[in-house]
There are 2 protein chains.
Amino acid sequence: MSFKKRRVKLEDIARKLNISIATVSRALDKNPRVKRSTQEKVFITAKEMGYMPNQIAKSLSSGKTHIIGVLIPRYDEPFFIEVCRGIDQYARNHNYKILISSSRNSYEFEKENLISFERGLVDGIILSPTHETENVAHLKDLIGKGMPMVLFDNIREEVSGADHVMIDDEKASFQAVEFLIQKGKRKIAFIGGIKQKKVFQDRFKGYIAALDRHNIIYDERLVLHCNSLDREFEDKEILSFFKNLKINPDAVFTCTDNYGLLTMKTLLKTGKKIPQEVAVIGFGDLGLGEVFVPTLTCVSQPSFEMGQKAAELLIKQLNEPEDSIHKKTIVKLNTQLIEREST
Amino acid sequence: MSFKKRRVKLEDIARKLNISIATVSRALDKNPRVKRSTQEKVFITAKEMGYMPNQIAKSLSSGKTHIIGVLIPRYDEPFFIEVCRGIDQYARNHNYKILISSSRNSYEFEKENLISFERGLVDGIILSPTHETENVAHLKDLIGKGMPMVLFDNIREEVSGADHVMIDDEKASFQAVEFLIQKGKRKIAFIGGIKQKKVFQDRFKGYIAALDRHNIIYDERLVLHCNSLDREFEDKEILSFFKNLKINPDAVFTCTDNYGLLTMKTLLKTGKKIPQEVAVIGFGDLGLGEVFVPTLTCVSQPSFEMGQKAAELLIKQLNEPEDSIHKKTIVKLNTQLIEREST
DNA sequence: TACAATAATACAAACGTTTGTATTATTTTT
DNA sequence: AAAAATAATACAAACGTTTGTATTATTGTA
């Protein structure tokens, strides 16, 4: 039943119409070099015969695949999916497809994936480095070979030749913490993520800066840097942090929405009233916060827009003439504090 | 700075070593036809010169891209992402990449995407039909042209020539509802999704069947089929359903975890005790249910495994000799009821 | 040492396009 | 009506591999 039918190719159309392959090719491109009437004949015959251009052959010939490689640290993080949606939307509208790979939080896998991208399947790369990625030599190397690249999210170090899309994590967290302070909170706990991640470092800096600015003494005991890469363990880490906490915080600033929810959950279990006794702020804003009771106030990160912007910058690079000198752009998108019931 | 450097190709290696391209190609393949010492020379030189095989050329020559096309109705549905993760894992381990596209819940976009897949970029397709997809002619057509295909999730109609991966939605929902009945519940509400989706139809059937079996009279007023395709509106639909509900249900069976959470949220707001006054069961089990207070009992759908299985079946098809008759397989994976605090 | 058998390599076509240049057909000009 | 200009098309190389067949080099055998 399923004999793979030989695909119709330009040659078949050419033979049928008794013209050359080149003319068929140009006719389908509506190239004015071919007579109007010939173009029409070709179109009709192509349709009749069910012609489908061979993308691979086109790519080999043109040197362009019209595929954007996207490399994210993990799939099961709504933030990355949202960014991918943004990339996809922009890319689709500009006739590109996206090929997503996950580096599974591993520097080795990141390199491995890049090597596979280097085999010519993608025209350019959008990448969020893993927390393990301390050295960006592999990125610079690839860029040096002429691979267009845009980085987003967890950028530890500027990579010359690549565009960057980010938010001002420090400022966003500063604002969130200051907001709590203005609400009269003084004992503000901080729940961060793995210390190696630049974004978490910056959010921590913002926390410290806000305390500083308002002359609140930093209390180490109120701080937790979650080490878990796995949802399952985050749960336990946060639970045990609050269980062992000797001080009663009157607010908690958390670096992800999920931390925020887990925090609220833990606090509610110990009978705390939110927000009267403890206020909570999360970070991200991907729908999770609205489901919970009480709803979670959080820093809204423009994930979708980050994706769109990244795609825009990459495609701009792809359209630059090859010998032009690429001027690196750094885009910082704005965050927004969304007030909900938890504060 | 970013002059695109000409890539090293087989020809360059061949010239340098004064041997033929064919020999270089075979040497890199470790083909025993080439002398051991030559192989070694080639490997060393290839490495020295920084050779990277051109995937596109390989694909054109071999007719295989080693890319699997994945078409899902939407990205912002954790279920589909989880399936994609499963596909990706299996595919990666078998040296395939995946190219994900979204049909954005539209039959037209589904067809459009398939056409673009037909251009030879993918070796096979894994697809979940949209709710709009009433007619599967486009699928049959593509299969008829020799495109290997595996369907999952929302399969309205068997498509000959494609493998199918699904769960027994009717049975799963039957069991969930029966579980509620056995807990002494009698006024069980049903919150479903868009009626056009096969999975929701089946879950509704299971609900009815369970009521029937236990001689509970079906009450239409207790049933809501959500029509929203957007998260934002689901919220309002469910809220207004319960607001206008004249009867007090003692349990609610919902067709997705999100519906389950929204239901709990709504009920809690009206002062109901969960599970004492109303029990709630969701469907899916993708982490959401565990965050909420109380945690949500739900039908656990093996999403990741569905993806793995789909990939396995597709890759099996890809490895079949082209002229062999493909025997269609239908895989039904098991669901499991996960008891949590909401029942 | 000649001859076959086998090992190692080279040649060339193929995959399905695109595109620069050469050729042929048509129209315009004189 | 012939030459020139232009329009339409054909030819062939290129993109970077793979792979069947032909060729050459190296063994082993008598």
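Below, chains carry the letters A, B, ... as their sequence lines are ordered, and counting in each starts from 1.
For A:I19, counting side-chain heavy atoms from C-beta on, the closest listed nucleotide (D:dA10, C:dA10, C:dG16) is D:dA10. The side chain of B:I21 sits closest to D:dT18 out of C:dA10, D:dT18, C:dC15. The listed nucleotides are C:dA8, D:dA8, C:dT17; the one nearest the side chain of A:Y51 is C:dT17. Checking D:dT17, C:dT9, D:dT9 against every side-chain atom of B:S61, the shortest atom distance belongs to D:dT17. Of all nucleotides listed (D:dG16, D:dT9, C:dT17), C:dT17 comes nearest to the side chain of A:A57.
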Could you check A:Y107 against A:H131 for ring pair (Phe, Tyr, Trp, His ring centres under 6.0 Å), going step by step and ending with a plain yes or no?
CA-CA 8 Å; A:Y107 175 55; A:H131 69 278; over 10 Å; no
Pair B:K97, A:S116 - check side chain to side chain donor-acceptor pair (under 3.5 Å), show working.
CA-CA 10 Å; B:K97 306 201 147 303; A:S116 115; 3.1 Å; yes
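Each of A:A22 and B:S62 has a nearest nucleotide on DNA chain C; the 5'-most of these lies closest to B:S62.
Between A:L121 atom CG and D:dG16 atom C1' there is a gap of 15 Å when expressed in whole angstrom units. For B:N31 and C:dA7, the CG to P distance is 13 Å, given to the nearest whole Å. The separation between A:E11 atom CD and C:dT17 atom C1' is 12 Å, rounded to whole Å. Rounded to a whole Å, the CG atom of A:D29 is 15 Å from the C1' atom of C:dG20. Taking atom CZ of A:R7 as the reference point, atom P of C:dC15 lies 13 Å away to the nearest angstrom. What separates NZ of A:K41 from P of D:dT9 is a distance of 7 Å, to the nearest Å. We find that CD of A:Q55 is positioned 19 Å from P of C:dC15, with the value rounded to whole Å. Rounded to whole Å, atom P of C:dG16 lies 12 Å from atom CZ of A:R15.
The base of D:dT9 lies outside donor-acceptor range of the side chain of A:T23, with no N or O pair under 3.5 Å. Donor-acceptor pairing under 3.5 Å, judged by distance alone, is present between the side chain of A:R33 and the base of C:dT21. Within 3.5 Å, no donor on the side chain of B:R26 pairs with an acceptor on the base of C:dT9, nor the reverse.
Distances shown here put a side-chain N or O of A:S25 below 4.0 Å from the OP1 or OP2 atom of C:dT18. Phosphate proximity of D:dT17 to B:K58: absent, as no side-chain N or O sits under 4.0 Å from OP1 or OP2. For A:T38 and D:dT9, the shortest distance from a side-chain N or O to OP1 or OP2 is below 4.0 Å. Dashed line: the shortest gap from a side-chain N or O of A:S20 to OP1 or OP2 of D:dA10 is under 4.0 Å.
Note on A:N18: only backbone sugar-phosphate atoms sit closer than 4.0 angstrom, heavy atoms only; bases stay farther off. Residue-level contact check: B:I56 touches neither bases nor backbone, having no heavy atom under 4.0 Å from any strand.
No donor-acceptor pair closer than 3.5 Å links the side chain of A:T133 to the backbone N or O of A:P129. Without hydrogens or angle criteria, A:H66 side chain to A:N95 main chain gives a donor-acceptor distance under 3.5 Å.
Under 3.5 Å, the side chains of B:N105 and B:T130 contain no donor-acceptor pair of N or O atoms. A donor and an acceptor atom, one from each side chain of B:D163 and B:T329, are located under 3.5 Å apart.
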